[in-house]
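Positions are given from 1, in the same order as the sequence printed here. Every value quoted in this text rests on a predicted model; they were computed, and no experiment measured them.
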Amino acid sequence: MSRLSDIFSKINSKFFYLYIFIGLFAITVIILRINLNVGILFAGLPIAFLAIYYFFKYPYWLMMVLFVANYIIMGLGRYILKLQGGIVIDSLLLMIIITLFLRTVFFNGNYWQKANNALTYLSLIWMIYCIAEVMNPYTTIERWMTAVRGIGFYLFLFVLLTTALLNRYKDLKRILILWGILTILAVLKAMSQKFMGFDSAETFWLYVGKGYVTHIIYSGVRYFSFFTDAANFGCSMGLSMVVFSISALYIKDKRLRIYFIIVALLAGYGMLTSGTRAALAVPFVGYTAFIILSKRIKMLIGGAVLILSVFIFFNSTDIGGSNANIRRMRTAFDTQDASLNVRFRNQQKMREFMPHNPFGIGIGKAKNAEDGDHMYGIATDSSLIYIWVETGIVGLVMYIFIFLFVLIRGTYDIFFRIKNIELKGILSALVAGLAGMLVTGYGNEVLQQFPTGPILYILMAFIMMGRYFDKEIENQNTNGAN
């Protein structure tokens with residue numbers, strides 16, 4: 001890397017203004033002789049080259065760009081109609097992989113030490129299985145190529161790159177801070193939709209894109225912020241609420257504690273405005289998991305009473321019934337709910353043909369069923385059902401096993417291996433959030449969506465690196481004491 005720095009440092013400053021003059025002259029000629037767009041493109045080349053040089057030198061920040069892009073890319077797609085979110089994420093992933101490869105080969109970069117863990121290998125096996133699904137006779141190569149990235153590739157790639165570039169304890173904290181900022185922005189966007197109305201792009205999506213069918217319903221409007229839909233938004237906010245509220249209990253920095261509490265409260269409000277009933281599973285399951293992880297009698301008793309009280313509030317009372325959000329959430333406890341029964345009937349239809357397809361009907365097929373196909377006229381409406389249908393019972397077992405492995409490994413480390421209290425609390429928050437999202441994955445199709453899916457994969461990688469973080473903190477404390 002020093003060679004590139006030497007090249008840049010040898011540029012004589014006295015030629016700087018000459019370069020500027022030549023550049024401006026070239027841009028002017030291009031604008032006058034060709035057109036403005038080409039001139040702007042030419043003018044942006046130096047900035048592009050500088051950005052490439054900077055990200056090549058510091059790939060860590062390219063990973064941060066990926067994290068932000070993952071969070072907002074689908075929202076931007078409403079305003080930039082030709083923008084394909086998957087292609088943008090794929091391009092960033094490819095750029096990071098190429099950068100790390102070149103730095104490893106030519107500059108002896110050591111990025112892969114912490115990637116040597118069970119989750120990396122399990123996700124690699126899952127990706128290979130999904131690649132092999134291209135041979136499934138029910139699907140086509142075109143459909144497989146469209147869907148395989150979100151199902152198979154992202155789990156492996158996000159885990160691998162997180163362990164390569166975000167493998168220090170301070171990286172975990174930075175991601176939490178950045179995630180909190182993005183969560184606040186998402187809630188503010190939902191609030192603007194609620195109190196100021198939908199803008200032209202959102203209105204187009206609702207009425208031309210048929211979004212109104214599931215978002216403007218009898219119980220009120222379901223707000224979706226800049227997410228793909230209200231279900232994705234609500235479940236993601238539930239995840240943020242669980243992770244940041246629990247982390248706030250353990251973080252030592254008082255400013256971060258206040259910040260995390262604010263994020264958690266806003267995320268809870270955002271979850272309610274989404275009107276996503278399945279999102280309630282995230283805090284219910286998440287906080288239950290945290291109570292168990294805490295191993296404190298007072299926490300167990302107090303938490304059990306609180307969760308039971310919330311359950312009774314929604315299931316056995318009419319308090320707050322005048323509020324559309326509460327009224328909508330309360331239907332999650334109604335076993336006679338019409339939409340719930342439709343899902344059960346759809347799943348019953350799937351059980352008629354799925355036992356004969358242990359490897360599924362092929363990746364990409366469920367969303368593109370044609371007249372006469374198994375899935376024609378049947379919606380999956382659930383991440384786990386979607387995995388089951390497209391990859392079969394074999395794929396579903398593998399997929400759930402990966403999540404359960406991380407949850408069990410994280411729980412074991414929290415109970416027996418992690419010594420630092422702050423880290424133990426943050427890992428408990430991640431495990432609790434992951435547990436809640438796995439359960440809600442049965443109620444909504446969110447585990448493979450942007451930004452929720454990649455965020456979960458990053459959190460899984462952090463859980464697996466908990467032991468490294470604990471040792472890192474211990475070494476810092478030892479060196480500080482000396």
Within the distance-only criterion (no hydrogens, no angle test), does the side chain of [X] pair as donor or acceptor with the backbone N or O of [Y] below 3.5 angstrom?
{"X": "Tyr129", "Y": "Thr391", "result": "yes"}
{"X": "Ser240", "Y": "Ala264", "result": "no"}
{"X": "Arg78", "Y": "Phe227", "result": "yes"}
{"X": "Thr120", "Y": "Asn116", "result": "no"}
{"X": "Ser274", "Y": "Met271", "result": "yes"}
{"X": "Asn167", "Y": "Met465", "result": "no"}
{"X": "Trp144", "Y": "Lys365", "result": "no"}
{"X": "Thr452", "Y": "Ser236", "result": "no"}
{"X": "Asp470", "Y": "Gly466", "result": "no"}
{"X": "Tyr412", "Y": "Arg417", "result": "no"}

Inter-residue atom distance [X].[atom1] - [Y].[atom2], 0.5 Å rounding:
{"X": "Thr162", "Y": "Ile458", "atom1": "OG1", "atom2": "CD1", "answer": "4.5 Å"}
{"X": "Trp112", "Y": "Asn110", "atom1": "CH2", "atom2": "CG", "answer": "10.0 Å"}
{"X": "Gln84", "Y": "Met74", "atom1": "CD", "atom2": "CE", "answer": "10.0 Å"}
{"X": "Met460", "Y": "Leu119", "atom1": "CE", "atom2": "CG", "answer": "5.0 Å"}
{"X": "Ile141", "Y": "Thr146", "atom1": "CD1", "atom2": "OG1", "answer": "11.5 Å"}
{"X": "Gln448", "Y": "Leu155", "atom1": "CD", "atom2": "CG", "answer": "10.0 Å"}

With the side chain counted from C-beta on, respond yes when [X] and [Y] share a heavy-atom pair under 4.5 Å apart, and no when they do not.
{"X": "Asp253", "Y": "Tyr259", "answer": "no"}
{"X": "Leu459", "Y": "Leu434", "answer": "no"}
{"X": "Met354", "Y": "Ile393", "answer": "no"}
{"X": "Ile426", "Y": "Leu176", "answer": "yes"}
{"X": "Val285", "Y": "Thr440", "answer": "no"}
{"X": "Leu239", "Y": "Leu456", "answer": "yes"}
{"X": "Leu404", "Y": "Leu438", "answer": "yes"}
{"X": "Phe67", "Y": "Leu182", "answer": "yes"}

Step through the shown structure and confirm whether more than 12 heavy atoms of other residues, nucleotides or ligands are within 6.0 Å of [atom1] on [X].
{"X": "Arg255", "atom1": "CZ", "value": "no"}
{"X": "Tyr58", "atom1": "OH", "value": "no"}
{"X": "Lys367", "atom1": "NZ", "value": "yes"}
{"X": "Phe101", "atom1": "CZ", "value": "no"}

Might you point out which heavy atoms bring [X] and [Y] nearest each other, and give the distance in Å?
{"X": "Ala69", "Y": "Leu92", "value": "CB-CD1, 3.7 Å"}
{"X": "Phe158", "Y": "Leu66", "value": "CE2-CD2, 3.7 Å"}
{"X": "Val389", "Y": "Met350", "value": "CG2-SD, 3.7 Å"}
{"X": "Pro283", "Y": "Ala279", "value": "CD-O, 3.0 Å"}
{"X": "Ser245", "Y": "Tyr287", "value": "OG-OH, 2.7 Å"}
{"X": "Phe233", "Y": "Phe224", "value": "CB-O, 3.7 Å"}

> Is the closest side-chain donor-acceptor distance between Tyr60 and Arg168 under 3.5 Å?
Replying inline: no
>> Can a side-chain donor-acceptor contact be found between Tyr169 and Asn420 if the only test is distance below 3.5 angstrom?
In response: no
Parallel, tilted or perpendicular: ring planes of [X] versus [Y], cut at 30 and 60 degrees:
{"X": "Tyr250", "Y": "Phe290", "answer": "perpendicular"}
{"X": "Tyr399", "Y": "Phe403", "answer": "tilted"}
{"X": "Phe260", "Y": "Phe244", "answer": "perpendicular"}

> What do the steps show when you test Asn357 against Tyr138 for side-chain contact (heavy atoms from CB on, under 4.5 Å), and what is the final call?
Replying inline: CA-CA 10 Å; Asn357 297 277; Tyr138 291 108; 3.0 Å; yes
> Can you list the steps and then say if Tyr111 with Leu161 is a side-chain contact (heavy atoms from CB on, under 4.5 Å)?
Replying inline: CA-CA 9 Å; Tyr111 297 99; Leu161 296 180; over 6 Å; no
>> Between Thr183 and Leu266, is the side-chain contact (heavy atoms from CB on, under 4.5 Å) condition met? List the steps.
In response: CA-CA 8 Å; Thr183 299; Leu266 287 173; 5.9 Å; no
>> Which residue in the set Lys252, Lys173, Arg257 passes salt bridge (Lys or Arg N to Asp or Glu O under 4.0 Å) when paired with Glu422?
In response: Lys173
> Knowing that exactly one of Phe450, Trp126, Tyr457 qualifies, which makes a ring-ring contact (aromatic ring centres under 6.0 Å, His included) with Tyr154?
Replying inline: Phe450
> Quick one: do Arg467 and Asp413 make a salt bridge, cutoff under 4.0 Å?
Replying inline: yes
>> Distance to the ring centre below 6.0 angstrom and angle to the axis at most 45 degrees; does that hold for Lys189 and Phe226?
In response: no
> Can you check side-chain contact (heavy atoms from CB on, under 4.5 Å) on Val148 and Glu133, steps first, answer last?
Replying inline: CA-CA 9 Å; Val148 73; Glu133 277 285 334; over 6 Å; no
